[in-house]
Amino acid sequence: MSKVQSISGAAPVTGAVGAAYRHHARTRLIVGLAATAAVALSLLVDIATGPALLPLAAVARSALGLAADRTVDAIIWSIRLPAALMALAVGASLGLTGAMMQTILNNPLASSYTLGISAGAGFGAALVIVIGPLLPISEATAIPLSAFFFAGLASACVYAIGSLRGATPEILVLAGIALLFLFQALLALLQFIASPEALQQIVFWLFGSLQKASWSKLYLLLLTILLCLPMIAADVWRLTALKLGDERAIGLCVNVRALRLRAFVVISALTGIAVAFVGTIGFIGLVAPHMARMLVGEDQRGLLPLSALFGALVLSLASIASKTLVPGALIPIGIVTALIGVPFLVWLIIGSRRSFW
Amino acid sequence: MLKAEGLGVRYGRLIALSDVDLIARPGEILAVIGANGSGKSSLLKALAGFVPSSGSITLEALNGTAPHIGYMPQDIGARAALSVVETVLLGRLKQLHYRVGEADLAAAGSALERLGIAHLATRPLGALSGGQRQLVFLAQVMAGDPRFLFLDEPVSALDIRNQLQVMETVRSLTREHRLTTLTILHDLNLAARFADRIAILKEGRLLACAAPREALSQKNLEQAFSIEAALGEGVEGHMLIEALRPVS
């Protein structure tokens, strides 16, 4: 019996391909480090800005436990730091899930916002606000729980409807759009029957706000991210293969349906919990992956972390803008992300002259 | 060795493949030809286990190694923002870790060099022509070190020089590494020149499976493709087929 040799080892390797690959990987690392530095700087500025503008040095001293002023310490640790870190965690979650959604649906317009998951969360929150007095638990607890439940329900419905026709990207997108309209209609119905006070509360929740942040909510979100990361890391190459299309991914022995289901579970958990705590914040899940894709392409090992970093950066910058655009007023964060996000997305798509991809 | 008995594939009510018996041996190229919709792609997908099928399929690799299949679909329209080397690395999906190892890079590099496209390694996939993408996807299949090569129209987008180069590469790989290669081809002259045996499908059934001179008879060509053909011999001694006219 003849000896079986390796096909790929049959020709001599010059090393040029390996060198080119390593150069590309280094570029990706540098982009990642630059984005991390920008996030850290934005975090400092976000903590410093507010009704009382704090010097960056004072913020840094307080963060390191060296502050002499207890008032500054109290402002930073009780109010601004949880909100600023929440902006990073929510932004990272939305950026990451947006990129995953665009990958598994092979659609650059997909995000939790465009596929009805955020609309489901909005309906869940509005439902509690309207029927709040009838509930045995406080609204403060019930609103995020209900928002999380309906975000998960919307996601499950999208997948279940899509699965009836093979869970192909096209069917899943159509199912998501159907769910978006359904939950928007249900939300409009709730707004129609709500009292003026409840209606005002619903509208404010839908705008999104980081002022609802607390350390306990932040820990819960970080825990969810930490639990999801190993699941994402394990599938990172399979997700990259999926970018080549279902048939080619199947040819590479990827179980496409199981992969989409796992990704949907991660997306539901992360989006649900992020949106439940701060309200519906759009465009992060759409813009951040586009920024990352233009710089590092669609190898998911680079795309997913960088989408998370850009999501964190954009929401952190939006948080700064929400506190500084109109002196003395706090503009709801969801309005700022939309105001910044839309022209930025248009610039990315039309105005950008150069991208690596 | 590959052995299929009574192989059948259905898509709902549509019968794509029915009662196909086939044997392919290590070191040989089996070309699969037939008219559009005759079940060629379904045959390859069924043998690779990518679509549900009836009947039995046996894949035995040499030396008891795992029967790893390298499958190349005919679609070349991938729009992913990936570089060529990243795309080729995906051929080693089962071995890849988060951090790419030297062996994986060497395998990808060798496959690219063997097909003469190492200079494209850092180019984005989307910036390549259809023919270049086809070569990249063939490199991807090769990088996975398969024991069975299933190629669905691997040269359909290539110019004549690249068609010859790719088919010669496939032939030498098949011989050197004792691969079992099945390839769908539309060009009957390429099939006659490079295949050891040719399987002809008609309406999901196997019409013939034999050496080129026996399989590509005027009678079989008329039955499979509804054409009248002239058969001859090229300067290097291989068979030439000229389609003369369709027959009703």
Side-chain angles (χ1 to χ4, degrees), chain A residues 1-25 27-28 103 106 108 232-234 236-256 290 292-303 355-357, chain B residues 26-27 45 48 50 61-63 65 69-73 75 77-83 85-94 96-100 102 105-114 118-119 121-122 124-126 137 140-147 150 173 176-179:
Chain A
M1 193 174 281
S2 60
K3 188 173 180 284
V4 178
Q5 294 174 304
S6 154
I7 292 180
S8 52
V13 190
T14 62
V17 171
Y21 174 82
R22 279 186 283 274
H23 174 73
H24 182 62
T27 307
R28 200 166 50 201
T103 293
N106 207 8
I232 299 168
V236 81
W237 277 112
R238 281 183 277 272
L239 286 167
T240 306
L242 200 57
K243 283 304 301 177
L244 295 175
D246 280 21
E247 191 179 3
R248 206 166 285 282
I250 291 167
L252 293 167
C253 297
V254 176
N255 184 336
V256 169
H290 280 278
R293 189 178 294 112
M294 290 176 81
L295 290 168
V296 297
E298 290 183 302
D299 179 340
Q300 307 287 307
R301 294 172 308 146
L303 180 71
S355 73
F356 293 113
W357 305 96
Chain B
K45 287 178 191 173
F50 298 147
L62 287 176
N63 290 357
T65 51
I69 295 165
Y71 170 71
M72 180 180 164
D75 172 41
R79 290 178 303 161
L82 294 170
S83 69
V85 67
E86 286 166 343
T87 306
V88 175
L89 278 170
L90 286 169
R92 298 176 65 82
L93 195 64
K94 285 180 180 169
L96 282 177
H97 297 290
Y98 200 93
R99 188 182 167 86
V100 176
E102 287 300 317
L105 275 178
S110 293
L112 287 168
E113 286 184 8
R114 181 131 199 182
H119 61 287
T122 54
L125 192 60
F137 287 127
Q140 184 186 66
V141 170
M142 285 165 55
D145 285 337
R147 305 268 53 97
F150 294 170
L173 286 172
E176 284 169 31
H177 304 286
R178 305 281 295 155
L179 307 182

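In the text below, chain A, chain B and the rest are named by the order of the sequence lines, each starting its count at 1. All figures in this text were calculated on a predicted structure; none of them were measured in a lab.
Within 6.0 Å of atom NE2 in A:His23, 12 or fewer heavy atoms from other residues, nucleotides or ligands are found, so the atom counts as exposed in its surroundings.
Salt-bridge annotation for B:Glu86 and A:Arg301: absent, with no side-chain N of the basic residue lying under 4.0 Å from a carboxylate O of the acidic one.
Qualifying side chain to side chain contact (heavy atoms under 4.5 Å, CB included) partners for A:Ala20, counting only residues two or more places apart in sequence or in other chains: B:Thr122. In this structure, the side chain to side chain contact (heavy atoms under 4.5 Å, CB included) partners of B:Leu93, at least two apart in sequence or on a different chain, are A:Trp237, A:Arg238, A:Ala241, A:Leu252, A:Val254, B:Leu90.
For the atom pair A:Lys243 NZ and B:Leu125 CG, the distance stands at 11.5 Å (nearest 0.5 Å). Taking CD from A:Gln300 and OH from B:Tyr98, the interatomic distance works out to 9.5 Å, rounded to the nearest 0.5 Å. Atom CZ in B:Phe137 sits 4.0 Å away from atom CZ in A:Arg248 (nearest 0.5 Å).
Side-chain contact check for A:Ile250 versus B:Lys45: every heavy-atom pair is 4.5 Å or farther apart. A:Leu244 places a side-chain heavy atom less than 4.5 Å from the side chain of B:Leu82.
Looking at B:His97, only its backbone comes within 4.5 Å of chain A, counting heavy atoms on both sides. If you measure heavy-atom distances from B:Val100 to chain A, the contacts under 4.5 Å come from both the backbone and the side chain. Interface remark: B:Ala118 contributes backbone and side-chain atoms alike to the contact with chain A (heavy atom separation under 4.5 Å).
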